[in-house]
Amino acid sequence: MSPPYRKENRPMATAFEPQDALIAVMVAVSAADQRMTDRETASILSIIDLLPVFQNYDRSRIDRVTSTVADLFEREDGLDELTGMVRAGLPPHLVETAYALACDVVAADGRAGESELQLLQILRDELDLDRLTTAAIERGARARHQRL
């Protein structure tokens, strides 16, 4: 029997811890365009500080997760490995949370680049999220990050 959210015929990647998987998703969408803006970084740190899912999280682990994501982005099959590690590390009830956090980080700097949008599409597919759910999550992120 396949673990939840694992695509068939792919080797199982080493899993992140659940909180690390959430952070990896945020870092990945931020770095998808090969740069992390100050707003995106501030958004990630704010999310970690505020959301209950990160209660008691050891912030010293952020650097290790960020480094892992950066290393994976440099490999030819790194994106597949990253999504496998995220999928394997997320309990089912946090899959939508992961996508919502990714959308919040993408929306944080007020613009979504092509590479960020492509990574969101990959996350939708890899996490087996339906289009109606993801549309609602995306619209909520846009609404939260509107500016005057």
Side-chain angles (χ1 to χ4, degrees), residues 1-131 133-134 137-138 140-142 144-145:
M1 174 180 267
S2 295
Y5 309 108
R6 182 169 175 229
K7 296 288 185 188
E8 294 303 316
N9 302 321
R10 285 200 190 158
M12 178 62 115
T14 304
F16 282 116
E17 294 294 319
Q19 292 169 317
D20 292 337
L22 295 172
I23 291 170
V25 166
M26 292 188 289
V27 169
V29 296
S30 177
D33 59 1
Q34 299 173 353
R35 63 185 180 89
M36 291 179 70
T37 67
D38 291 339
R39 281 190 185 198
E40 290 169 334
T41 302
S43 179
I44 291 169
L45 294 174
S46 177
I47 287 168
I48 293 168
D49 287 342
L50 294 175
L51 290 186
V53 74
F54 293 109
Q55 185 176 3
N56 301 318
Y57 182 72
D58 178 3
R59 285 185 66 163
S60 68
R61 293 167 51 180
I62 296 170
D63 287 339
R64 183 175 49 84
V65 173
T66 301
S67 178
T68 299
V69 171
D71 290 345
L72 289 169
F73 271 5
E74 291 184 11
R75 296 184 192 173
E76 185 175 326
D77 60 348
L79 188 54
D80 287 338
E81 286 185 62
L82 174 65
T83 57
M85 291 171 69
V86 166
R87 210 175 34 256
L90 285 176
H93 73 281
L94 291 181
V95 171
E96 290 175 357
T97 303
Y99 190 75
L101 296 180
C103 289
D104 277 343
V105 172
V106 168
D109 64 1
R111 58 183 174 73
E114 185 64 31
S115 56
E116 292 168 319
L117 295 174
Q118 287 175 343
L119 185 51
L120 287 177
Q121 175 64 51
I122 290 167
L123 288 172
R124 283 193 298 266
D125 294 343
E126 293 295 318
L127 298 175
D128 293 325
L129 291 167
D130 68 84
R131 190 64 196 131
T133 299
T134 58
I137 290 170
E138 292 161 5
R142 279 193 304 273
R144 281 189 299 283
H145 292 277

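Computed over heavy atoms, backbone and side chain alike; hydrogens, waters and symmetry mates excluded.
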- Spacing of CE belonging to Met36 relative to OG belonging to Ser43, to within rounding of 0.5 Å: 10.0 Å
- Task: Mind checking the CG-OG1 spacing from Asp104 to Thr97? Nearest 0.5 Å is all I need.
- Result: 11.0 Å
- Query: Hey, does Tyr57 have a side-chain heavy atom less than 4.5 Å from the side chain of Ile48?
  - Reply: yes
- Message: How long is the straight-line distance from CD of Gln19 back to CG of Leu22, given to the nearest 0.5 Å?
- Response: 7.5 Å
- What side chain to side chain donor-acceptor pair (under 3.5 Å) pairs are there with at least one residue in residues 112-123, not counting sequence neighbours? Gln121-Arg124, Gln121-Asp125
- Message: The criterion is salt bridge (charged side-chain N to carboxylate O under 4.0 Å, His left out); which residues satisfy it with Arg61, sequence neighbours excluded?
- Response: Asp20
- Message: Using only atom types and a distance under 3.5 Å, with no angle test, would you say the side chain of Glu40 pairs donor to acceptor with the backbone of Thr37?
- Response: yes
- Query: Can you check whether Glu126 reaches Val86 side chain to side chain, under 4.5 Å on heavy atoms?
  - Reply: no
- Might you work through the side chain to side chain contact (heavy atoms under 4.5 Å, CB included) test for Leu123 and Val29, ending with a clear yes or no? CA-CA 10 Å; Leu123 288 172; Val29 296; 4.0 Å; yes
- Going by heavy atoms in the side chains, are Leu127 and Leu90 under 4.5 Å from each other? yes
- For Phe16 and Leu82, the nearest pair of non-hydrogen atoms, with its separation, is CE1-CD1, 3.9 Å
- Query: Is it the case that more than 12 heavy atoms not belonging to Asp58 sit under 6.0 Å from its CG atom?
  - Reply: yes
- Query: Hey, are the side chains of Tyr99 and Glu138 touching, using non-hydrogen atoms and a 4.5 Å cut-off?
  - Reply: yes
- For the atom pair CG (Leu45) and CD1 (Ile62), what is the distance rounded to the nearest 0.5 Å? 5.5 Å
- Message: I'd like to check Leu101 versus Leu51 (side-chain heavy atoms, cut-off strictly below 4.5 Å). Are they in contact?
- Response: yes
- Side-chain heavy atoms of Leu72 within contact of Leu79, under 4.5 Å: no
- Item | Considering all heavy atoms, the nearest Arg39-Ala108 contact | CD-O, 3.6 Å
- Message: Between Ser67 and Arg64, is the side-chain hydrogen bond (donor to acceptor under 3.5 Å, both in side chains) condition met? List the steps.
- Response: CA-CA 5 Å; Ser67 178; Arg64 183 175 49 84; over 6 Å; no
- Message: On a heavy-atom basis, which atom in Gly89 and which in Ala21 lie closest, and how many Å separate them?
- Response: C-CB, 4.5 Å
- Quick one: list whatever passes side chain to side chain contact (heavy atoms under 4.5 Å, CB included) with Thr133, sequence neighbours left out. Glu96, Asp130, Ile137
- Report the distance from atom CG of Asp63 to atom CD1 of Ile23, rounding to the nearest 0.5 Å. 10.5 Å
- Drop me the distance from Ile47's CD1 to Phe54's CZ, to the nearest 0.5 angstrom. 7.5 Å
